[in-house]
Amino acid sequence: MKLNELGLLVVISGPSGVGKGTIRKALFKIPDNNFVYSVSMTTRKPRENEVDGVDYFFVTRDEFEKRIKNNRFLEYAEFVGEYYGTPLDYIEKNLAQGKEVIIEIEVQGALIVREKMPEAVFIFIVPPSKQALLDRLMNRGTEQGADIQKRIEKAEREYNLAYKYDYIVVNDEVTNAADRIYAIIRAEHAKTERSIHMYYKLMEGNTNGKQKH
Ligand code: 5GP
């Protein structure tokens, strides 16, 4: 029997351009992991190389708003003029199966999850310096001028919310950051508050301190 059979919801968050997506991909390369990625839904247009159902579910505003009305999101947020949201069913199903569900979302959405699922693990990714984030946003070539500016301004506000998270991970080097997240997940599973109920159940099976076989 495992001490903790329910999966963890791991929220990877932080300013746009900090490298959340790259870290998440590195995390999934760690051997023998039990992670699943919750693909978000968005109204923004796909970038070159992005695949529907893999990077995002790309939908119209109408469709997104219909899903909001029907309570189909764990959380959603409007980020520089587009909707982004986490579909609820996928999360519930995988947590019940004991998988680690990783979601990668911006700060507003993460704070909503914090209210709804305080037992989730909240990780804030920060750049090694402000300049590093600026360079990345300017040079990654996925946004145009006005959009880059909006993302920079948003990042400035988001930096101040780091204290609301459980952990801060610096993205100095992608594999380092992924390793730290992996270590956090393992440690979280061992936390007394997560495992005490299963521990007692395990002990009920013991007689005179001897383990039943
Ligand atoms: P991008 O347009 O760069 O793919 O994403 C913009 C921001 O939205 C990023 O910070 C990304 O992490 C965040 N994001 C992606 N999916 C979701 C989601 O389902 N919910 C929320 N709140 N943010 C998301």
Side-chain angles (χ1 to χ4, degrees), residues 2-40 47 49-51 54-56 74-75 84 86 90-91 94-111 113-114 117-140 142 151 155 158-196 198-199:
K2 282 199 298 179
L3 273 186
N4 194 331
E5 291 178 334
L6 274 187
L8 280 184
L9 178 63
V10 181
V11 181
I12 298 182
S13 184
S16 169
V18 78
K20 302 187 286 289
T22 324
I23 295 171
R24 187 249 305 167
K25 285 178 189 143
L27 191 64
F28 276 76
K29 288 196 181 133
I30 295 176
D32 302 323
N33 71 68
N34 193 21
F35 304 148
V36 292
Y37 176 58
S38 161
V39 178
S40 293
R47 294 175 186 146
N49 302 329
E50 280 185 331
V51 177
V54 174
D55 298 287
Y56 282 105
L74 169 62
E75 63 73 39
Y84 295 81
T86 306
Y90 185 83
I91 305 254
N94 282 285
L95 287 180
Q97 290 174 3
K99 307 249 172 69
E100 318 288 13
V101 182
I102 312 287
I103 64 175
E104 184 207 308
I105 63 178
E106 52 68 72
V107 174
Q108 258 175 283
L111 298 182
V113 181
R114 182 108 192 148
M117 294 185 73
E119 70 279 16
V121 183
F122 295 84
I123 302 174
F124 192 74
I125 311 287
V126 294
S129 67
K130 273 193 178 180
Q131 190 57 45
L133 185 76
L134 285 182
D135 292 346
R136 210 182 124 99
L137 272 174
M138 307 279 232
N139 299 330
R140 71 179 180 177
T142 46
R151 283 175 184 244
E158 290 174 338
Y159 282 132
N160 298 327
L161 294 167
Y163 75 95
K164 297 201 176 233
Y165 287 72
D166 300 315
Y167 297 93
I168 293 176
V169 167
V170 180
N171 185 16
D172 47 1
E173 214 262 300
V174 174
T175 48
N176 281 347
D179 282 349
R180 281 181 210 129
I181 293 176
Y182 190 61
I184 289 168
I185 295 172
R186 296 193 67 162
E188 279 288 332
H189 268 294
K191 263 200 171 162
T192 304
E193 67 207 45
R194 290 191 197 282
S195 49
I196 194 81
M198 293 307 286
Y199 169 71

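Counting begins at 1 with the first residue of the sequence. Bear in mind the structure is a predicted one, so any value in this text is a computation, not a measurement.
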J.: Check ring pair (Phe, Tyr, Trp, His ring centres under 6.0 Å) between Phe28 and all other residues, then give those that pass, not counting sequence neighbours.
T.: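 Phe28 satisfies ring pair (Phe, Tyr, Trp, His ring centres under 6.0 Å) with Phe35 only.
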
J.: What are the two closest non-hydrogen atoms of Gly17 and Leu137, and how far apart are they?
T.: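 In terms of heavy atoms, the two residues are closest at CA-CD2, 4.0 Å.
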
J.: Determine whether Asp172 and Arg180 make a side-chain contact, defined as any pair of heavy atoms from C-beta on separated by less than 4.5 Å.
T.: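 Yes. Closest side-chain heavy atoms under 4.5 Å.
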
J.: Using every non-hydrogen atom in the two residues, find where Arg24 and Glu104 come nearest and quote the distance to one decimal.
T.: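 Minimum heavy-atom contact is NE-OE1, 3.0 Å.
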
J.: Below 4.5 Å, heavy atoms only, C-beta onward: do Val107 and Tyr165 meet side chain to side chain?
T.: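 Sidechains of Tyr165 and Val107: in contact.
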
J.: Atom OG of Ser38 and atom CG of Asn94: how far apart are they, to the nearest 0.5 Å?
T.: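 Reported to 0.5 Å precision, the distance equals 8.5 Å.
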
J.: Could you pull out the closest heavy-atom pair between Val54 and Tyr37, with the gap in Å?
T.: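 That would be O-CE2, 4.3 Å.
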
J.: Using the side chain to side chain contact (heavy atoms under 4.5 Å, CB included) rule, take Leu133 and Arg151 through it: C-alpha gap first, then chi angles, then the decisive distance, then the call.
T.: CA-CA 10 Å; Leu133 185 76; Arg151 283 175 184 244; over 6 Å; no

J.: Using side chain to side chain contact (heavy atoms under 4.5 Å, CB included), reason through Ile102 and Ile185 one step at a time and then give a plain yes or no.
T.: CA-CA 10 Å; Ile102 312 287; Ile185 295 172; 4.3 Å; yes

J.: Give the minimum heavy-atom separation between Arg136 and Val18, together with the two atoms involved.
T.: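 The answer is NE-C, 4.2 Å.
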
J.: Are side-chain heavy atoms of Asn171 and Thr22 found at a separation under 4.5 Å?
T.: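 They are not in side-chain contact.
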
J.: Side chains of Tyr84 and Ile105: does their closest heavy-atom pair fall under 4.5 Å?
T.: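 When only atoms from C-beta onward are counted, Ile105 and Tyr84 do not touch, as no gap falls below 4.5 Å.
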
J.: Drop me the distance from Arg194's CZ to Glu188's CD, to the nearest 0.5 angstrom.
T.: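 Reported to 0.5 Å precision, the distance equals 4.5 Å.
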
J.: Do Arg47 and Arg140 make a side-chain contact, defined as non-hydrogen atoms from C-beta onward lying under 4.5 Å apart?
T.: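 A side-chain contact under 4.5 Å exists here.
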
J.: Looking at residues at least two apart in the chain, or sitting in another chain, which of them share a side chain to side chain donor-acceptor pair (under 3.5 Å) with Tyr56?
T.: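 Side chain to side chain donor-acceptor pair (under 3.5 Å) list for Tyr56, sorted by chain: empty.
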
J.: Show every donor-acceptor pair shorter than 3.5 Å between a side-chain atom in residues 124-132 and any protein atom, with sequence neighbours excluded, or say none if there are none.
T.:
from: Ser129; atom 1: OG; to: Ala132; atom 2: N; distance (Å): 3.1
from: Lys130; atom 1: NZ; to: Glu156; atom 2: OE1; distance (Å): 3.1
from: Gln131; atom 1: NE2; to: Asp135; atom 2: OD1; distance (Å): 2.9

J.: What closest approach, in Å, do Glu100 and Leu8 show between heavy atoms, and which atom pair accounts for it?
T.: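 Reported closest heavy-atom pair: OE1-N, 3.1 Å.
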
J.: Is a side-chain donor or acceptor of Lys20 paired with a backbone partner of Pro15 at a separation under 3.5 angstrom?
T.: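 Yes: the side chain of Lys20 pairs with the backbone of Pro15.
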
J.: Side-chain contact test, heavy atoms from C-beta onward, threshold under 4.5 Å: evaluate it for Ile30 versus Asp179 and give yes or no.
T.: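 The answer is yes, as the side chains (C-beta and beyond) meet within the 4.5 Å cut-off.
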
J.: Evaluate side chain to side chain contact (heavy atoms under 4.5 Å, CB included) for Phe122 paired with Val113, printing each intermediate quantity in order.
T.: CA-CA 9 Å; Phe122 295 84; Val113 181; 4.0 Å; yes

J.: With a 4.5 Å cut-off on side-chain heavy atoms, are Ile12 and Leu27 touching?
T.: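 Yes, side chains in contact.
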
J.: Nearest 0.5 Å, what's the CE-CG distance between Met117 and Leu95?
T.: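 It comes to 5.5 Å.
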
J.: When rounded to the nearest 0.5 angstrom, what is the spacing between CD1 in Ile181 and CD1 in Ile23?
T.: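 The distance works out to 5.5 Å.
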
J.: Go through the steps for Glu75 and Gln108 under the test side chain to side chain contact (heavy atoms under 4.5 Å, CB included), then give the verdict.
T.: CA-CA 9 Å; Glu75 63 73 39; Gln108 258 175 283; over 6 Å; no

J.: Report yes if the side chains of Val121 and His189 come closer than 4.5 Å at any heavy-atom pair, otherwise no.
T.: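 They are not in side-chain contact.
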
J.: Give me the atom names and distance for the closest heavy-atom approach of Ile91 to Val101.
T.: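 That closest heavy-atom pairing would be CD1-CG1, 4.0 Å.
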
